[in-house]
Amino acid sequence: MRDASAIPIESSLETTWTLPYRGTVGMVCLIVAESAIFIIFVVAYIFYIGKSLSGPTPAQVLELPIFGTVCLLSSSVTVHFAVSALRKGHLPRCTIWLAGTVLLGTIFLITTAREWYHLIHDEGLTIQTNLYGTTYYSLVGLHATHVVVGLIMLSLVLGFSLFGLVKEEHSEKLETLSLYWHFVDAVWVVVFTVVYVLGR
C-alpha cells in the first residue's frame with residue numbers, strides 16, 4: 001500500500017508570477033516623480049490666487065480653452081486605439097490613430113500658443129507683470145513642456161510606423177509611451193480646473 005503522504009498533490013490555485021515589463025515600471029516611477037512636481041506648482045498657484053497687487057487678474061484676461069481641451073482629451077482615446085490596433089497586428093490602423101494623436105496634441109499646443117500671444121500682446125500679461133502672471137506661466141508652461149516632450153516621442157513612433165518599422169511585438173513599448181500621454185492629459189484636467197475654473 002502506497003503512502004498517501006508521498007502522492008504529489010497539484011493545486012489548481014497555483015499561479016505563475018512574472019516580472020512586469022521594465023518599461024512600464026520605469027514609466028510609472030517617472031509619472032510618480034512628475035506628479036510630485038505638478039502638485040507643488042498647483043499648490044503654489046492655489047496659494048497665490050488673488051494675491052497680486054496689480055492687474056490684470058484672471059477674470060479680466062482668461063477665457064475657457066474648451067476647443068484645445070477637447071482636442072487634448074480626445075488624443076487619449078486615439079492613442080488607446082493605436083495601442084489596441086498594434087496589439088492586433090494592424091499596423092496601418094495603428095499609424096492612422098498615431099497620426100490623429102499627434103494632430104490633436106499639436107492643435108492643443110497651437111491653442112495654448114495663441115492664448116499666450118493674446119495675453120502677452122493684447123493684455124500685457126507676462127511672467128514678470130505680477131504674481132498671477134508668474135504662477136500662471138509657470139504652471140501652464142510646465143504642462144505645455146510635457147506636451148511637447150510627449151509629441152516629440154509620439155512623432156518619432158509615427159515616423160517609424162510610416163516606414164514599417166513598428167511591429168506587433170512593440171506594442172508594450174507603445175503602451176508605455178501611452179501611459180505618459182494619459183498622464184499629461186490627466187494633469188491638464190487638474191490644471192484646467194485650478195486655473196480656468198477655480199482661479200477665475
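The chain is numbered in sequence order, starting from 1.
- Counting only distance, with no hydrogens or angles, the side chain of Thr101 and the backbone of Val79 share a donor-acceptor pair below 3.5 Å.
- Residues Val187 and Val77 do not share a hydrophobic cluster, clusters being chains of Ile/Leu/Val/Met/Phe/Trp/Tyr side chains in contact below 4.5 Å.
- Counting heavy-atom neighbours within 6.0 Å of Phe67 CZ, excluding the residue itself, gives a total of 12 or less.
- Residues Tyr196 and Ile66 fall within the same hydrophobic cluster, defined by Ile, Leu, Val, Met, Phe, Trp and Tyr side chains chained together at heavy-atom separations under 4.5 Å.
- At least one donor-acceptor pair closer than 3.5 Å links the side chain of Gln60 to the backbone N or O of Thr57.
- Using a distance-only test at 3.5 Å, with no hydrogens or angles considered, a donor-acceptor pair links the side chain of Thr95 to the main chain of Leu91.
- A distance of 8.0 Å separates OG1 of Thr135 from CD1 of Ile49, quoted to the nearest 0.5 Å.
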Worked check of side-chain contact (heavy atoms from CB on, under 4.5 Å) between His143 and Val184: CA-CA 7 Å; His143 177 265; Val184 169; 3.6 Å; yes

Please assess Thr69 against Trp188 for the test side-chain contact (heavy atoms from CB on, under 4.5 Å), listing each intermediate value before the final yes or no. CA-CA 8 Å; Thr69 299; Trp188 177 248; 3.0 Å; yes

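- By the side-chain contact (heavy atoms from CB on, under 4.5 Å) test, Leu131 is found to be paired with Tyr48, Lys51, Ser52, residues two or more places apart in sequence or in another chain being considered.
- Ser84 contributes no side-chain N or O that, together with a main-chain N or O of Phe81, makes up a donor-acceptor pair within less than 3.5 Å.
- A salt bridge between Lys88 and Glu168 is absent, with no side-chain N of the basic residue lying under 4.0 Å from a carboxylate O of the acidic one.
- Gly68 and Phe108 make their closest contact through O-CD1, 3.2 Å (heavy atoms, listed as atom of the first residue, atom of the second, distance).
- Side-chain N/O atoms of Ser54 and Asn130 include no donor and acceptor closer than 3.5 Å.
- Connection of Leu72 to Val197 is established within a shared hydrophobic cluster, with ILVMFWY side chains joined at heavy-atom distances below 4.5 Å, either directly or through further cluster members.
- Hydrophobic clustering (side-chain heavy atoms under 4.5 Å, transitive across Ile, Leu, Val, Met, Phe, Trp, Tyr) groups Leu64 together with Leu139.
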